[in-house]
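So the structure is just underneath, and the comments pick up after that.
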Amino acid sequence: MKLIFERGGQGQRCTILPECDVPEVSLETPGRREKLRLPQVCENEISRHYTELAKQVYGVNHGFYPLGSCTMKYNPKIDEATAALPQFTEIHPLQPVETVQGCLEVLDKARNLLCEITGMDDMTFQPAAGAHGEFTGLLLIKAYHESRKDAGRKKIIVPDSAHGTNPASAVMAGFQVVNIPSGKDGCVDLEKLREAVGEDTAGLMLTNPNTVGLFDKNILEITSIVHEAGGLTYYDGANLNAVMGIARPGDMGFDVVHLNLHKTFAAPHGGGGPGSGPVGCKSFLKEFLPGLQPQPGETGLTLQAPSQSIGSVKAFYGNFLVVVKSLTYLLMLGREGVPQAAQNAVLNANYMMQKLKDLYPMAYPQPCMHEFVISAERLKREKGVAAVDIAKALQDYGIHPPTMYFPLIVHEALMVEPTETESRETLDQAIEAFREIWERGQREPQEILSSPHHSGIKRPDEVQAARKPVLRYNFPETKAQ
């Protein structure tokens with residue numbers, strides 16, 4: 001499709017401005033920026049341009065989107081309608097607290113519900129996304145150890161199956177990362193964990209269910225080992241959708257947790273945001289929370305800073321409208337609906353896994369939680385068809401590819417998460433597509449290797465796209481000769 005700069009022509013426009021009724025002033029200064037070269041297009045060309053862009057986008061509202069570990073679930077439209085209410089959109093974060101009591105009540109209500117779901121005692125909504133929440137949670141752990149004059153605790157233990165943001169967040173918070181391997185069952189190797197902990201252990205970062213879609217049966221022993229060594233335990237909430245309302249991180253022994261409201265609690269995910277990564281903690285850490293917290297006052301809710309706050313990690317109170325959407329979602333589901341959503345997510349994943357495991361080798365064949373991991377290593381070895389080729393072929397069936405080559409501990413990995421919002425009919429269609437691709441890979445591998453054949457673009461040169469991306473438009477008069 002054409003870029004917006006390639007549409008229209010000289011003099012085209014879609015607005016008529018009134019004649020200037022004040023003296024014109026020219027800013028003839030040496031430091032003036034050069035004249036902006038904006039596209040000159042009429043209104044119908046603008047409309048066509050953005051309509052064409054919309055056609056190029058693929059989302060949950062277009063079709064099946066089984067992006068493992070991302071929980072790409074359908075978001076009820078009532079959430080969007082609630083967040084669009086003028087009582088929420090036409091406010092300012094610097095208004096007097098007595099004029100925004102409803103908004104403070106949203107934050108307070110959401111905090112109470114999410115603390116109940118996670119087993120935490122308090123929560124902040126300042127972090128803007130999951131990785132930002134990780135960083136904030138680690139700062140809480142750091143502040144706790146520093147308050148106890150325990151400055152020698154510099155190491156964070158991270159399993160090899162962890163999200164890539166976990167070690168990155170730990171380093172950004174000033175910690176050293178200790179990587180420990182998973183056992184053959186895909187869970188934490190207890191002996192390796194015991195060897196890793198010590199007087200320099202600040203904490204452990206873990207998600208449960210873990211990144212290969214398994215609930216670690218040793219979770220109580222894992223958190224106990226870290227606590228006995230004097231460290232704290234951090235729960236990455238990326239996979240909470242599988243256990244919300246059923247098992248609480250706080251009851252597993254975790255001290256800090258981050259959530260992804262834009263994944264688990266039905267605020268839109270992807271497209272650059274906005275996200276929300278609230279951080280919850282046990283009571284002994286609440287005085288370190290960032291920003292201002294809603295607290296009961298004499299005439300209503302007020303805002304107070306915790307006594308030993310780590311300071312703000314974002315302006316004001318985080319992405320407030322995302323919290324509105326998630327609170328709407330929770331109130332709509334209710335106490336019965338939250339665990340039912342988790343149960344359906346697990347049911348859908350196991351249904352797909354059972355229907356595919358006779359063809360596709362499963363990295364861990366035991367019953368999974370919300371997602372399962374396929375290994376295409378054998379198909380690649382025998383037919384030359386790799387995980388990326390299967391992912392490309394799925395596009396011809398109107399299916400967004402699953403997560404590829406993650407987790408790193410599984411060769412030629414495809415991680416599939418159907419979520420709870422997909423019907424059995426959709427799952428059956430997806431299962432049939434996966435099976436057809438496998439069988440075609442056996443009979444005519446070259447057809448799979450050249451996929452996709454019917455998508456908006458064919459297979460690009462990914463090496464050149466990564467190494468020599470075209471990031472700016474060259475106007476005709478400046479193009480290289």
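Here the structure is a predicted model, which is why all the values come from computation and not from measurement.
- D389 places no side-chain N or O within donor-acceptor distance of the main-chain N or O of S451, the cut-off being under 3.5 Å.
- The pair K192-D189 does not count as a salt bridge, with every side-chain nitrogen at least 4.0 angstrom from each carboxylate oxygen.
- A donor-acceptor contact shorter than 3.5 Å is absent between the side chain of H49 and the backbone of E45.
- Aromatic pair F434/Y397: ring centres not closer than 6.0 Å.
- The closest donor-acceptor contact from the side chain of Q101 to the backbone of L301 lies under 3.5 Å.
- Remark: D236 CG to N260 CG distance equals 7.0 Å, nearest 0.5 Å.
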Practice problem: Just do the side chain to side chain contact (heavy atoms under 4.5 Å, CB included) check on H370 and T419 with the steps written out, would you? | Solution: CA-CA 7 Å; H370 59 304; T419 79; over 6 Å; no
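- Residues passing the side chain to side chain donor-acceptor pair (under 3.5 Å) test with T51, sequence neighbours excluded: none.
- How far CG of L214 is from SG of C187: 5.5 Å, rounded to the nearest 0.5 Å.
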Exercise. Begin from the C-alpha positions of R111 and D122 and carry the test salt bridge (Lys or Arg N to Asp or Glu O under 4.0 Å) through to its verdict.
Key: CA-CA 7 Å; R111 173 176 63 179; D122 208 345; 3.3 Å; yes
Self-check item: Intermediate values then yes/no, side chain to side chain contact (heavy atoms under 4.5 Å, CB included), L292 and Q126
Solution: CA-CA 9 Å; L292 299 173; Q126 263 208 335; over 6 Å; no
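- Without hydrogens or angle criteria, H145 side chain to K142 main chain gives no donor-acceptor distance under 3.5 Å.
- From L331, atom CG reaches atom CG of L113 across 6.0 Å, with rounding to the nearest 0.5 Å.
- Taking the ring centroids of Y144 and F284, they lie under the 6.0 Å cut-off.
- Side-chain atoms of S455 do not come within 3.5 Å of backbone N or O of P452 as any donor-acceptor pair.
- Using a distance-only test at 3.5 Å, with no hydrogens or angles considered, a donor-acceptor pair links the side chain of Y58 to the main chain of G398.
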Exercise. List the steps, then state whether salt bridge (Lys or Arg N to Asp or Glu O under 4.0 Å) holds for D185 with K217.
Key: CA-CA 11 Å; D185 60 356; K217 61 184 181 298; 3.3 Å; yes
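- For the atom pair M205 CE and N166 CG, the distance stands at 4.0 Å (nearest 0.5 Å).
- Formation of a donor-acceptor pair under 3.5 Å by the S423 side chain with backbone atoms of T426 is found in this model.
- With E417 contributing its side chain and E371 its backbone, the two residues share no donor-acceptor pair below 3.5 Å.
- The closest donor-acceptor contact from the side chain of T211 to the backbone of P407 lies at 3.5 Å or more, if one exists at all.
- For S276 and H262, the side-chain atoms include no donor-acceptor pair closer than 3.5 Å.
- Remark: R435 CZ to Y360 OH distance equals 9.0 Å, nearest 0.5 Å.
- Residues satisfying the salt bridge (Lys or Arg N to Asp or Glu O under 4.0 Å) criterion with E432, sequence neighbours excluded, are absent altogether.
- Atom NZ of K357 sits about 10.5 Å away from atom SG of C368, to the nearest 0.5 Å.
- Between the S47 side chain and the E43 main chain, no donor and acceptor come within less than 3.5 Å of each other.
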